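What you see is a predicted model; the values in this text were computed from it and never measured.
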Amino acid sequence: MPAASWAPLTPAERAVAIEVLTHGPISRTEIARRLDLSAGSLTRLTKPLIESGLLIEDPAPVTTAAARQGRPSQPLDIVAESRYFAGFKITADAVYGVVTTLKSDIVADRTVPLHTHDPDQVADLLHTMTEEFTAAFPRLSGIGVGVGGHVVDGRAGEGRTGTVSSPFLGWRSVPFADLLEQRTGLPVVVKNDVAALIESEAWFGAGRGLDRFAVLTIGAGIGYGLVIGGQLVRTRDGDHGIGPRWIVSQNGPLTPDGDRGSVVSFLAIPSIRYQVRAATGRDHTYDEILALAAAGDPMPARVLDEAARALGTVVAQIANFAMPQKILLAGEGVGLVDVAGPAIEEAIRANRDPFAAPVPLETKISDFNDWARGAAVLAIQILVLGRPEV
């Protein structure tokens, strides 16, 4: 049953579908309240969504005699298994793939080493992985791809080429969405990987139900995004990366590329490993550095203390200027919080008004399957619900 069997949703139908997808099972009364709709309008909008198989009516639990006397309201929910989506996260040395339901629950995953960055060969690899996923999930309806770098026009087809420029892969203006769509025959969405993760957290994770929500990712690079009114704030330069120019201290450490004092130089995993290697003459993994610092090894502890104070400063800056209801720290680098939490908290306090409310901070160590799931969520948003890009 291909995705095309669903007629394109009108803006009003899309709004209803999104409410059910992100908050369901949910009563009709609550949907009408959230969207300021009359009961009659809501009935008119939900009827085609139910008939198409996108929504389902669940019997409402009847627990009292009074409830049995009236006409119970049947909550609406998404038919999660009506469609499946493939999400891929491409790194410099591996491709991480997942299959999700329409509610973004991961039902399968696979990791394949990446031995080449040639765009055609990478597209061939994702094609092979997609064929394997489709064999197990015949209702696979679309593909989302997350890549570190700048992506222009993320959806293939209709003159929108999904071109990728990625320093991690050595790509410049590669029409990767078209390459993959030509091989798979499925609709493809390609986006910056940080944007994909943020969308996933806003819809189904830490930011669900929040009006103003910020995400800071720490890993091979630094990512940042702000969600307002349920939508990621987009700018023309949003996925070029702000970390190298986000200066924390002009006297801060150097990156391997020679930049000084930026968020990247303090917090990115390659920068932290570079600093420890330069000071000790020994190369360590990031996890080893965390363990050495926790055990009191002076040099790793010093590097991580500086990183922690930089992180606290950045968190305070986000809280001061974006004023989010919650800040999520995500990525494979947030183990720093467990090792140097007090230094982070001290820096936050030092950079906030003493009477300001505590910063609502949440941490999540995201593995690469989480990033791939974020790419699948982009496919759900655009390919199924027809969410307009802003």
Any Arg260 side-chain heavy atom under 4.5 Å of Gln250 side chain:
no

Applying salt bridge (charged side-chain N to carboxylate O under 4.0 Å, His left out), run through Arg183 and Glu131 and close with a yes or a no.
CA-CA 10 Å; Arg183 287 163 170 77; Glu131 286 184 323; over 6 Å; no

So how far is it from Leu76 CG to Ile50 CD1, rounded to the nearest 0.5 Å?
5.5 Å

Does a side chain donor of either Thr91 or Asp93 reach within less than 3.5 Å of an acceptor in the other side chain?
yes

For the atom pair CG (Leu126) and CD (Gln121), what is the distance rounded to the nearest 0.5 Å?
13.0 Å

Taking 4.0 angstrom as the limit, do Asp77 and Lys103 come out as a salt bridge?
yes

Arg373 bridged to Asp109 by N-O distance under 4.0 Å
no

Any salt bridge between Glu201 and Lys364, counting N to O under 4.0 Å?
yes

With a sphere of 6.0 Å drawn around CG of Asp353, does it hold more than 12 non-hydrogen atoms of other residues, nucleotides or ligands?
yes

With rounding to the nearest 0.5 Å, note down the distance linking CG in Leu378 to CZ in Phe85.
11.5 Å

To the nearest 0.5 Å, what is the distance between OG1 on Thr217 and OH on Tyr224?
11.5 Å

Is there a side-chain contact between Leu216 and Val314 in this structure, where contact means two heavy atoms from C-beta onward sitting under 4.5 Å apart?
yes

Is the CZ atom of Arg34 crowded by more than 12 outside heavy atoms at less than 6.0 Å?
yes

Could you tell me whether the side chain of Leu54 reaches within less than 4.5 Å of the side chain of Val79, counting heavy atoms only?
no

Could you give the distance from CD1 (Ile327) to CD (Glu362), rounded to the nearest 0.5 Å?
11.5 Å

Test: Glu30 and Arg33 ion pair at under 4.0 Å
yes

